[in-house]
Amino acid sequence: MSSPIEIVPPVPLYERVIQNDRVLSNALAQTLHVTKSELAAAIGLSADSSRERERERSGPTQRRMRDVVEILNRVSHWTGSDMQAYAWYRSEPLPAFGQRTASDLVAEGLADAVKTHLSRIAVGGFA
């Protein structure tokens, strides 16, 4: 007789990439299978912000990376994985925002609008 299979839920992205209240860009880039420069571009930062330790730790850079982690966490349960959530983030046009992607909006400083949009969808609203 075999023992029952234990289903272990995946560890949320934020638990894997945030340490001591800072988003670790290396861990985030590695999880998403992109370079740090590609990650910086996807969140609307210069490549320098991902290479220079002080700029990476700055408040604005950390805030932008934290916004992206939060957005990816919100969509990964319905996209199926972190990688698919990132693909959605980078490429899915959002009709409510003139067909711009979440990546476009975050780069424009509109991460809160994306999070509000996702909250509306979560409670049964329309995209």
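- Pairing each heavy atom of Ala85 with each of Val75, the nearest pair is CB-CG2, 3.5 Å.
- To the nearest 0.5 Å, atoms CZ (Arg16) and CD (Gln30) are separated by 11.0 Å.
- No donor-acceptor distance shorter than 3.5 angstrom exists from the side chain of Gln62 to the backbone of Gly59, with no hydrogens or angles considered.
- Atom CG of residue Leu72 and atom CD of residue Gln84 lie 12.5 Å apart, to the nearest 0.5 angstrom.
- Side-chain contact between Ile43 and Tyr89: present, with at least one pair of heavy atoms (C-beta onward) separated by less than 4.5 Å.
- No side-chain donor from either of Asn73 and Ser76 sits under 3.5 Å from a side-chain acceptor of the other.
- Leu110 and Met65 fall within the same hydrophobic cluster, where Ile, Leu, Val, Met, Phe, Trp and Tyr residues are linked whenever their side-chain heavy atoms come under 4.5 Å apart, directly or through other members.
- The minimum heavy-atom distance between Leu39 and Ser25, with the atom names listed, is CD2-O, 3.9 Å.
- Hydrophobic clustering places Tyr14 together with Trp78 (ILVMFWY residues linked when any side-chain heavy atoms are closer than 4.5 Å, directly or through intermediates).
- With no hydrogens or angles considered, a side-chain donor-acceptor pair links Thr61 and Ser58 at under 3.5 Å.
- With a 4.5 Å cut-off on side-chain heavy atoms, Arg90 and Thr101 do not count as touching.
- Considering OG1 of Thr116 and CD1 of Ile121, their distance stands at 11.0 Å, rounded to 0.5 Å.
- Taking a cutoff of 4.0 Å between a charged side-chain nitrogen and a carboxylate oxygen, Arg64 and Asp67 do not qualify as a salt bridge.
- The OG atom of Ser37 sits 11.0 Å away from atom CG of Leu45, with the distance rounded to the nearest 0.5 Å.
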(request) Given salt bridge (charged side-chain N to carboxylate O under 4.0 Å, His left out), test Glu70 with Arg74 step by step and report yes or no. (result) CA-CA 6 Å; Glu70 185 177 341; Arg74 288 184 184 201; 2.7 Å; yes
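- A heavy-atom distance below 4.5 Å is not found between the side chains of Val69 and Arg66.
- In this structure, Ile71 and Lys115 approach most closely via the heavy-atom pair CG1-CG, 3.8 Å.
- Between Phe97 and Ala113 the shortest heavy-atom distance is CZ-O, 3.7 Å.
- No continuous path of hydrophobic side-chain contacts links Ile18 to Leu24 [ILVMFWY only; heavy atoms under 4.5 Å].
- Of all non-hydrogen atoms in Tyr86 and Ala42, the two that sit nearest each other are OH-CB, 3.2 Å.
- Residues Leu94 and His117 come closest through the heavy atom pair CD2-NE2, 4.4 Å.
- Following chains of ILVMFWY side-chain contacts shorter than 4.5 Å, one cannot reach Met83 starting from Trp88, and the two form parts of different hydrophobic clusters.
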